Amino acid sequence: MPELPEVETTRLGLEPHLAGKTVLNLHLYRRDLRWPVSPELPDAVLDQEFRALKRRGKYLIFEMNRGAMLVHLGMSGSIRLSGCEESLRKHDHWELTLNNGMLLRYNDPRRFGLLFWLTHNWEQHALIRNLGPEPLGLEFTADYLYQSCRGRTQAIKNHIMNSQTVVGVGNIYAAEALFHGGIHPAMPAGKLSIPRAARLVEEVRAVLTRSIEQGGTTLRDYVNGNGQPGYFKQQLWVYGREGQPCKICGNLLKGSRMGQRATVFCAYCQKR
DNA sequence: ACTGGCTCCTGAGGGC
DNA sequence: TGCCCTCAGGAGCCAG
């Protein structure tokens, strides 16, 4: 499932292939993604020239000369670059034809993704405007996190998964960062001390950074045109390991559900 | 202002 | 081998 590292890897992989290209065609195979794709979109992007491929949180923004395509991969989406002779795959929902003959194909089995056309100032769009800081950026500091937690009763895990707190921390990385920070996922956010906020910021950064580094494989895949995004085989310490021994203390990891999400933690290493 | 629950969807995996 | 059930998840939306 694409988390921030996968989205950034996608951006890095695609950007050099888009520079200076124009859109010859956009074909919508189906429009019922999370929100319906506008039937006007193919006309809107026709002949548009790519200016930049940006990212904000898990949103990709394809900037063109008279607007921007806003894309979210949901939880099963991927974009691949393929030659025009390559056949369509199951769950390919739209494809852009570039003026060098290459195709940009969007595949998304669960269709939680989205594709919007924004004519101006995408940063002020409702889906973007209220997003919290980038986890690897300068604004995501211990003091920021600490302040954002003040007075909140919500569990710390849910708080850091809220994109208004910080973007890009999905279920897997939240569980991992809390484990490495020794913080119990159910602890009320308002109880987080300044030192533990500092620790948590560091651990969120560390787990995301490791994943981005492993994203190099995905990047090469794009260049080779085999299009398989490939999920990161990163070392997971708690996620998906309920009932297995903690790699630090050996006690069995506990599982619970928090905010409709599977949560795994070590009741000994992680304190409230 | 916060918070938690619901929702979209398909595929994987377990039980029998 | 096959069917049925449950679960997984990003994040906007809405009710309390």
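For clarity, every value in this text was computed on a predicted model and none was experimentally measured. Naming convention: chains lettered A, B, ... in sequence-line order (proteins, then strands); numbering from 1 in each chain.
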Where the side chain of A:Y239 is defined as all heavy atoms beyond and including C-beta, which of C:dA8, B:dG4, C:dG10 is the nearest nucleotide?
C:dA8
Taking only the side-chain nitrogens and oxygens of A:S76, find out if one of them lies under 4.0 Å from OP1 or OP2 of C:dG9.
no
Please confirm whether the shortest side-chain N or O distance from A:R152 to OP1 or OP2 of B:dT3 is below 4.0 Å.
yes
For atom OH of A:Y144, is the number of surrounding heavy atoms from other residues, nucleotides or ligands below 6.0 Å larger than 12?
yes
Along DNA chain B (nearest heavy atom to each residue), the more 5'-positioned of A:R111 and A:Q154
A:Q154
Under 5.5 Å and under 30°: A:F112 stacked on C:dA11:
no
May I ask you to evaluate whether A:K90 reaches the phosphate of B:dG11, defined as a side-chain N or O under 4.0 Å from OP1 or OP2?
yes
From A:L145 atom CG to A:Q147 atom CD, the distance as rounded to the nearest 0.5 Å:
10.0 Å
Going by side chain to side chain donor-acceptor pair (under 3.5 Å), A:Y29 matches just one of A:E95, A:H93, A:R105. Which one?
A:E95
Rounded to the nearest Å, what distance is computed from the NZ atom of residue A:K157 to the P atom of nucleotide C:dG10?
9 Å
Using only side-chain N and O atoms of A:H91, determine if any of them is under 4.0 Å from OP1 or OP2 of B:dG11.
yes
Using a 4.0 Å heavy-atom cut-off, does A:L127 contact any base of the nucleic acid, only the sugar-phosphate backbone, or nothing at all?
sugar-phosphate
Can you tell me the distance, in whole Å, between the CG atom of A:L73 and the P atom of C:dG9?
17 Å
A:F116 CZ to C:dA11 P, straight-line distance once rounded to whole Å
14 Å
Just to confirm, is there a sub-4.0 Å distance from OP1 or OP2 of C:dG10 to any side-chain nitrogen or oxygen of A:H72?
no
Over how many whole Å does the gap from A:I172 atom CD1 to C:dG9 atom C1' extend?
9 Å
Can you classify the ring geometry of A:H184 versus A:F265 as parallel (below 30°), tilted (30 to 60°) or perpendicular (above 60°)?
tilted
Quickly work out the A:N158 CG to C:dA11 P distance and round it to whole Å.
14 Å
Identify the two heavy atoms, one from A:C149 and one from A:L192, that lie closest to each other, and give their separation to 0.1 Å.
SG-CD2, 4.0 Å
Rounded to whole Å, please give me the gap between CE in A:M161 and P in B:dG5.
14 Å
Which nucleotide, C:dC13, B:dG11, C:dA8, lies nearest any side-chain atom of A:W35?
C:dC13
Looking at C:dG12, B:dG11, C:dG10, which one has an atom nearest to any side-chain atom of A:Y59?
C:dG12
Contacts of A:R150 and A:R261 projected onto DNA chain B by closest heavy atom; the upstream (5') one is A:R150
Under 4.0 Å between a side-chain N or O of A:R34 and OP1 or OP2 of B:dT7?
no
Given atom CG of A:L236 and atom P of C:dG9, what is their separation to the nearest angstrom?
12 Å
Hey, could you give me the CZ/CG distance between A:R30 and A:D32, rounded to the nearest 0.5 Å?
4.0 Å
Could you tell me how far apart A:R257 (CZ) and B:dG5 (P) are, to the nearest whole angstrom?
11 Å
